[in-house]
Amino acid sequence: MKIATFNINGIKARLPALLAWLEEGKPDVAILQEIKSLDETFPREPIEDLGYSIETHGQKSFNGVAILSRLPLEDVTRGLPGDDNDDHARWIEATVVGKQALRICGLYLPNGNPAPGPKYDYKLAWMERLKKRAQALLESEEIALMAGDFNIIPQSEDAANPQNWTEDALFLPESRAAWRRIVNLGFTDALRATSTAPETYTFWDYQAGAWERNNGIRIDHFLLTPQCADRLITCEIDSHVRGREKPSDHVPVWVELDL
DNA sequence: ATGGTCGACTTTCGA
């Protein structure tokens, strides 16, 4: 089973690029971030025509996540538990019903800039809530994964120019420590577990020719429970998508699981 | 050395 995550940076602007990539990559499941769309204005038909069912958790203008699947989805839930006052659409879960059930959590973790400040406080508080959900996921002993735009550069090798990011919420020591506290509960970083490539970036800024200079960072991740990691075959990044017409600033990352 | 790009949706914010 092939499962992908892709921060599309606006479904309206990205629909042609998304359809082309779905037809080419044929993921069984695609987890999307930054749909920047209300549920009712999400362009369902052209995606459904490719054989996908769609579950969205959207809001006006910003954020928004979705799961596309060619296999049936069950038990869909929306919103990260732990704060009833949080109205950002950043979390969606569903169970993919194949030969074996796979629980999928799609997330768009807060950017957190500028740091310090209220946006950074929100990021760290959100990560504390994420850790609680992650712990529960492990305790369930399900075949499960969390994937999406984590807005975290885990280590220096995950940035072409780490010195550019030392003051940034994506790379501050406190951000990376919060990431490690989650991973160290018992998750496998799928890209790190399978890739030997030296430059494994998933985001290149639109500004200052970042793509042309390969000034990238790795911030889109797959975290697998042990039961899921036992099924991991490969994890790859579709970097070439960044060089196409009207690209997102992120590219798809995908795993192949023996399921 | 410095300024630079998108998307959504309005005059400006978020990334």
Side-chain angles (χ1 to χ4, degrees), chain A residues 5-21 30-44 46-47 56-66 80 86-91 106-127 130 147-154 158-172 174-176 178-179 201-221 238-253:
Chain A
T5 180
F6 189 5
N7 180 324
I8 56 172
N9 190 19
I11 184 62
K12 295 175 191 74
R14 209 67 59 221
L15 188 58
L18 175 64
L19 294 173
W21 167 74
I31 306 163
L32 306 181
Q33 301 87 41
E34 286 206 87
I35 63 173
K36 297 186 175 180
S37 166
L38 294 164
D39 295 330
E40 51 267 37
T41 50
F42 189 91
R44 306 179 63 92
I47 296 168
T56 60
H57 180 38
Q59 68 181 108
K60 195 180 179 184
S61 302
F62 306 115
N63 307 321
V65 289
L80 181 64
D86 183 2
D87 57 0
H88 287 205
R90 297 180 175 276
W91 181 269
L107 67 100
Y108 176 48
L109 203 147
N111 175 294
N113 283 303
K119 290 187 176 182
Y120 193 56
D121 295 341
Y122 173 62
K123 177 178 194 148
L124 294 178
W126 203 94
M127 292 185 78
L130 174 59
D149 178 357
F150 281 75
N151 268 313
I152 293 284
I153 303 167
D158 297 312
N161 297 107
Q163 69 278 9
N164 292 354
W165 299 91
T166 53
E167 307 296 316
D168 195 285
L170 278 59
F171 194 57
L172 283 173
E174 203 174 350
S175 305
R176 295 156 58 202
W179 158 267
Y201 310 133
T202 66
F203 169 93
W204 295 260
D205 200 285
Y206 288 123
Q207 297 188 61
W211 167 247
E212 289 75 11
R213 297 165 194 237
N214 195 24
N215 182 13
I217 52 177
R218 186 174 77 100
I219 56 176
D220 300 271
H221 307 299
D238 286 341
S239 310
H240 63 282
V241 170
R242 185 64 179 79
R244 292 183 173 171
E245 281 291 300
K246 252 180 105 62
S248 171
D249 41 7
H250 297 250
V251 296
V253 184

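A, B, ... follow the sequence lines: proteins, then strands. Residue 1 opens every chain. Just so you know, these numbers come straight off a predicted model, no measurement behind them.
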Whole-Å P distance, dG14(B) and dT10(B)
14 Å
Using the six-membered ring wherever Trp is involved, compare the ring planes of H221(A) and F150(A) and label them parallel, tilted or perpendicular (cut-offs 30° and 60°).
tilted
Just checking, any donor-acceptor pair under 3.5 angstrom between side chains of N9(A) and K36(A)?
yes
Side-chain donor or acceptor of D249(A) paired with backbone N/O of F203(A) under 3.5 Å
no
Tell me, for nucleotides 5-15 of chain B in 5' to 3' order, what letter each nucleotide earns: B for a base near a protein heavy atom under 4.0 Å, S for only sugar-phosphate near one, - for neither?
BSSSS----SS
Result block: side-chain N/O donor-acceptor pairs under 3.5 angstrom for residues 160-171 of chain A, not counting sequence neighbours:
from	atom 1	to	atom 2	distance (Å)
D168(A)	OD1	N113(A)	ND2	3.0
D168(A)	OD1	L170(A)	N	2.8
D168(A)	OD2	N113(A)	ND2	3.3

Please measure how far the P atom in dG7(B) lies from the corresponding atom in dG3(B), and state the result in whole Å.
24 Å
Taking only residues two or more places apart in sequence or in another chain, which ones pass ring pair (Phe, Tyr, Trp, His ring centres under 6.0 Å) with Y120(A)?
none
Spacing of the C1' atoms in dC9(B) and dA15(B) (rounded, Å)
16 Å
